Amino acid sequence: MRKVAIVGIGHTIFGNLSKFDLVDIMSFASANALDDADIRKDRKIIEQVFVANMGGGILNHQTGIASSLVSRIDLEPAMAELVENGPASGASAIKVGFAAIASGMVDVVMITGGELMRTVTGWQGTDFVATLLHPEAEYNYELTLPAFGGMFARMYMERYGLKEEELAMVAVKDHENGAKNPYAHVQIPCTMEGIYGSENAHIVNNLIADPLRLYGMCPVSDGAASLILCAVDSPKMKYFKKKEPIMISGIGSATDTHCVHHRKDPLELKAVRLGAEKAYAMAGLTPKDISFAELHDPFIILELAISEEVGFWGRGKSKEAIAKGVTRIDGKLPINTSGGLKAKGHPVGATGVSQVFELTKQLRGEAEKGRQVKSPKHGLAVNFGGFGNNVVTIICSKE
Amino acid sequence: MIDFSEYSPKKPEVYAYKCPECGTLDYPAPMICKNCSARRDPSGEIFSAWEKVLLGGRCKLLGWTRVYALPEGYDEKYLVFGIVEFKNGLRASGRLLMDNPRTGMELETKIGIVREKVGEDVYGFMFDLPKK
Ligand SMILES: [Zn+2]
């Protein structure tokens, strides 16, 4: 298999971009990636574009988005396709792009993920994501992703004795990182007193899907992110001299039952575990080798459950890591240095690409002051589709 | 023509499906038996149709939540959802009819309108405290 490097990265701010057009925000992030790779004039060396988007058809009444994007950044006749895997569309598009290069089919690929969700009401946005649930056995009941997040959180807290206070500590940590990330949707820190324990905390931090509160959930965001990948053995690597290439050293994904009730142990995130095992095997690494991670946390409880499932520590042991500050930016294994979905935001199609944007930035040593991990070697990202029924893990490494 | 109408229950009943080869029950309807790989044919024309078995009775609550973010048209402050396990081992998600559930408690299955669509009501599981 050929080695694949990340040679360009681009991002838009995440937040309310509803006054813009979906393909405009996606092509803006793509142009940022062209500039980062220093190939704006030589952009036609890109042979293939994979676009990640979940809701263009439903939310924005737009289809053929990949073709539209290619045209808007004048990249014809590059090949272009859309990859849809729910909230894991971004990482799936990276996986497909990686495979296209690794197989020898092409040398240079652009991956752009984006979503424009704030054009509809909050409920319509939630309902749109819920269309990925089983139509008869889940969606029909007005069940939503937050509802499954709430049930998962309660089962986890009851089994492992995790306290609300510990969940709030994770939110504070994520907001601390997000406040220093110029692309984050929410760039204000929050305090423990503000969201837990004080008189007003339960008003500010109201219940959404009991026991999950507002600060246990990600905002609804618009935004886009983009990557340029190149085969390391390609002569076209000569175009990418300006930035240090970062390797995609491992990719793995797996699926799990569509209905959550079909899982023998609903707290076991099998698709996370199996995808991560494949990624570690491809990279020749173990969880101990990972310097930092971006873990898909639309509900903060998932940051904890995923960190256990990818083997950072045992099941139910996250609270010990929280108590010791292990996952903070200056800890032994910083998690969600970007602020995570919690603070950075979650434009569903963009999220997986944005996670790898963050891994690249950290590995290059380009993260903003106060949120740069100290000399990282390997970063791991988990992009969680469905309620864990299609999950992609990506490991990026410094050469 | 394949009839997929069971994906939208219109009668106040919810069914599990029984594999004609090995008797394994599943909910919702699969297209291939998990246990013996026998195929289900919703039309019953190419492969034998699977027997519909009413799903309900007593069950145990495995996990639950109260959801406060609701679509327009609900007067309730929140809806309560849960995942239960029936006596036959099958599990399902559904609505809970009590305000203060407890994980592990025994519940009784009812069928009610779980979603109102324009022109059609959708029936599904509602779990309540068992009658004394
Ligand atoms: Zn069978």
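Note that the coordinates shown come from a computational prediction; the quantities given were computed from them, not determined experimentally. Quick note on labels: first sequence line is chain A, next is B, and so on, each numbered from 1.
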Validation row: Arg154(A), Thr103(B) side chains within 4.5 angstrom (heavy atoms): yes
Within a 6.0 Å radius of atom [atom1] on [X], are there more than 12 heavy atoms belonging to other residues, nucleotides or ligands?
| X | atom1 | answer |
| --- | --- | --- |
| Glu199(A) | CD | no |
| Arg39(B) | CZ | no |
| Lys270(A) | NZ | no |

Looking at [atom1] of [X] and [atom2] of [Y], how far apart are the two atoms once the value is rounded to the nearest 0.5 Å?
| X | Y | atom1 | atom2 | value |
| --- | --- | --- | --- | --- |
| Trp123(A) | Leu70(B) | CH2 | CG | 7.0 Å |
| Met151(A) | Ser93(B) | CE | OG | 5.0 Å |
| Lys264(A) | Arg91(B) | NZ | CZ | 9.0 Å |

So, does His261(A) use its side chain to make a donor-acceptor pair with the main chain of Ile83(B) at under 3.5 Å? no
Heavy-atom contact with chain B under 4.5 Å, split by part of [X]:
| X | value |
| --- | --- |
| Glu158(A) | side chain |
| His262(A) | side chain |
| Arg263(A) | backbone |
| Tyr156(A) | neither |
| Phe152(A) | neither |

Give me the contact list for residues 106-115 of chain B versus chain A, heavy atoms only, anything under 4.5 Å, ordered by residue number. Val114(B), Arg115(B)
Ranking Pro71(B), Ala69(B), Gly94(B) by heavy-atom pairs under 4.5 Å to chain A gives rank one to Pro71(B)
Strictly less than 4.5 Å between heavy atoms, which residues of residues 207-217 of chain A line up against chain B? Please order them by number. Leu207(A), Ile208(A), Ala209(A), Asp210(A)
Need one label for Tyr74(B): side chain, backbone, both or neither, based on atoms under 4.5 Å from any heavy atom in chain A. side chain
Quick one: closest heavy-atom pair of Phe125(B) and Tyr141(A), and the distance? N-OH, 2.8 Å
Between Val67(B) and Ala147(A), what is the shortest heavy-atom contact and its length? CG2-CB, 3.6 Å
Can you check side chain to side chain contact (heavy atoms under 4.5 Å, CB included) on Glu142(A) and Phe81(B), steps first, answer last? CA-CA 9 Å; Glu142(A) 313 272 21; Phe81(B) 295 100; 4.3 Å; yes
